[in-house]
Novice: 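Sharing a structure below in structure tokens format, with a few things to ask.
Note: hydrogens, waters and symmetry copies are ignored here, and every other heavy atom, side chains too, is used.
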Amino acid sequence: MVRRVLVDQGSSAEILCYSAFKALGLSKDRLSLMDAPLVGFTGILVYPIGKIMLPVFAGSVQLDVEFIIVNSLSPYNAILGRNWQHDMKAVASTLYQCVRFIGESG
């Protein structure tokens, strides 16, 4: 279980902080190489440690997501971006700080 996950409609990548990666008990040998840096809002380059495919459970749906692992300080353990939202058929509300899945009743 990963807590403090940001669903970011503006992010084009799914990010997992290295501290959360270690807390999940995952090994670095499961990582694939990634040689391109990420560029944030401030223009600062962040060089990923690697990338990994992990299952993400939301409600009753499981989706395999490719996360980019970064060793960077953040108040969030993971960031789920637009790709995840589209694949999950999810709609994020910044007003209500929640995610709604299409076809979900209530």
Novice: Under the 3.5 angstrom rule, does the side chain of Arg4 hit a backbone N or O of Ala78 as a donor-acceptor pair?
Specialist: no
Novice: How long is the gap from NZ on Lys89 to CG on Leu63, to the nearest 0.5 Å?
Specialist: 9.5 Å
Novice: Report the distance from atom CZ of Arg30 to atom CD1 of Ile52, rounding to the nearest 0.5 Å.
Specialist: 4.0 Å
Novice: Any side-chain heavy atom of Tyr47 sitting closer than 4.5 Å to one from Leu38?
Specialist: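 They are not in contact (no side-chain heavy atoms under 4.5 Å apart), so the answer is no.
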Novice: Tell me whether the count of non-hydrogen atoms from other residues, nucleotides or ligands lying under 6.0 Å of CG in Leu73 goes above 12.
Specialist: no
Novice: Decide yes or no for Val56 and Gln62: does some side-chain heavy atom of the first lie under 4.5 Å from some side-chain heavy atom of the second?
Specialist: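 No - every pair of side-chain heavy atoms lies 4.5 Å or more apart.
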Novice: Would you check if Tyr76 and Val5 make a side-chain contact, meaning some heavy-atom pair closer than 4.5 Å?
Specialist: no
Novice: Do the side chains of Ile69 and Lys22 get nearer than 4.5 Å, heavy atoms only?
Specialist: no
Novice: Report the C-alpha distance between Ser12 and Arg82 in whole Å, list the side-chain angles of each, state the deciding distance to 0.1 Å, and finish with yes or no for side-chain contact (heavy atoms from CB on, under 4.5 Å).
Specialist: CA-CA 6 Å; Ser12 60; Arg82 290 188 305 262; 3.2 Å; yes
Novice: What distance separates Ile68 CD1 from Ser11 OG, expressed to the nearest 0.5 Å?
Specialist: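 One gets 8.0 Å once the value is rounded to the nearest 0.5 Å.
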Novice: Does Asp35, at its CG atom, have more than 12 non-hydrogen atoms belonging to other residues, nucleotides or ligands within less than 6.0 Å?
Specialist: no
Novice: To the nearest 0.5 Å, how far apart are OG in Ser32 and CE in Met53?
Specialist: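 Ser32 OG to Met53 CE: 8.5 Å, rounded to 0.5 Å.
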Novice: Before giving the answer on side-chain contact (heavy atoms from CB on, under 4.5 Å), spell out for Asp8 and Leu80 the whole-Å C-alpha distance, their side-chain angles and the decisive distance to 0.1 Å.
Specialist: CA-CA 6 Å; Asp8 183 5; Leu80 294 170; over 6 Å; no
Novice: Considering all heavy atoms of both residues, which atom of Met34 and which atom of Pro48 are nearest to each other, and what is their separation?
Specialist: SD-CG, 4.0 Å
Novice: Just wondering, do Ile15 and Phe67 contact through their side chains at under 4.5 Å, heavy atoms?
Specialist: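 SC-SC contact between Phe67 and Ile15 ruled out.
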Novice: Take Leu26 and Leu54, measure what side-chain contact (heavy atoms from CB on, under 4.5 Å) needs, and give me the verdict at the end.
Specialist: CA-CA 10 Å; Leu26 300 170; Leu54 295 172; 3.9 Å; yes
Novice: In terms of hydrophobic clustering (I, L, V, M, F, W, Y; side-chain heavy atoms under 4.5 Å; direct or indirect links), are Trp84 and Ile79 co-clustered?
Specialist: no
Novice: May I ask whether Val65 and Val7 are part of the same hydrophobic cluster, defined by side-chain heavy atoms of I, L, V, M, F, W, Y residues being less than 4.5 angstrom apart, directly or through others?
Specialist: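 Yes, because Val65 and Val7 connect within a single hydrophobic cluster, where side-chain heavy atoms sit under 4.5 Å apart.
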Novice: State, with a plain yes or no, whether a side-chain heavy atom of Ile49 is found less than 4.5 Å away from one of Leu31.
Specialist: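 The answer is yes, as the side chains (C-beta and beyond) meet within the 4.5 Å cut-off.
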Novice: If we only count heavy atoms from C-beta on, is the Tyr18 to Lys28 side-chain gap below 4.5 Å?
Specialist: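 With C-beta onward as the side chain, the pair touches.
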Novice: Does Gly81 offer a backbone N or O that forms a donor-acceptor pair with the side chain of Glu14 under 3.5 Å?
Specialist: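 Between the backbone of Gly81 and the side chain of Glu14 there is a qualifying donor-acceptor contact (under 3.5 Å).
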Novice: Would you say Phe21 and Val46 are hydrophobically clustered, going by side-chain heavy atoms of ILVMFWY under 4.5 Å?
Specialist: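 Different hydrophobic clusters.
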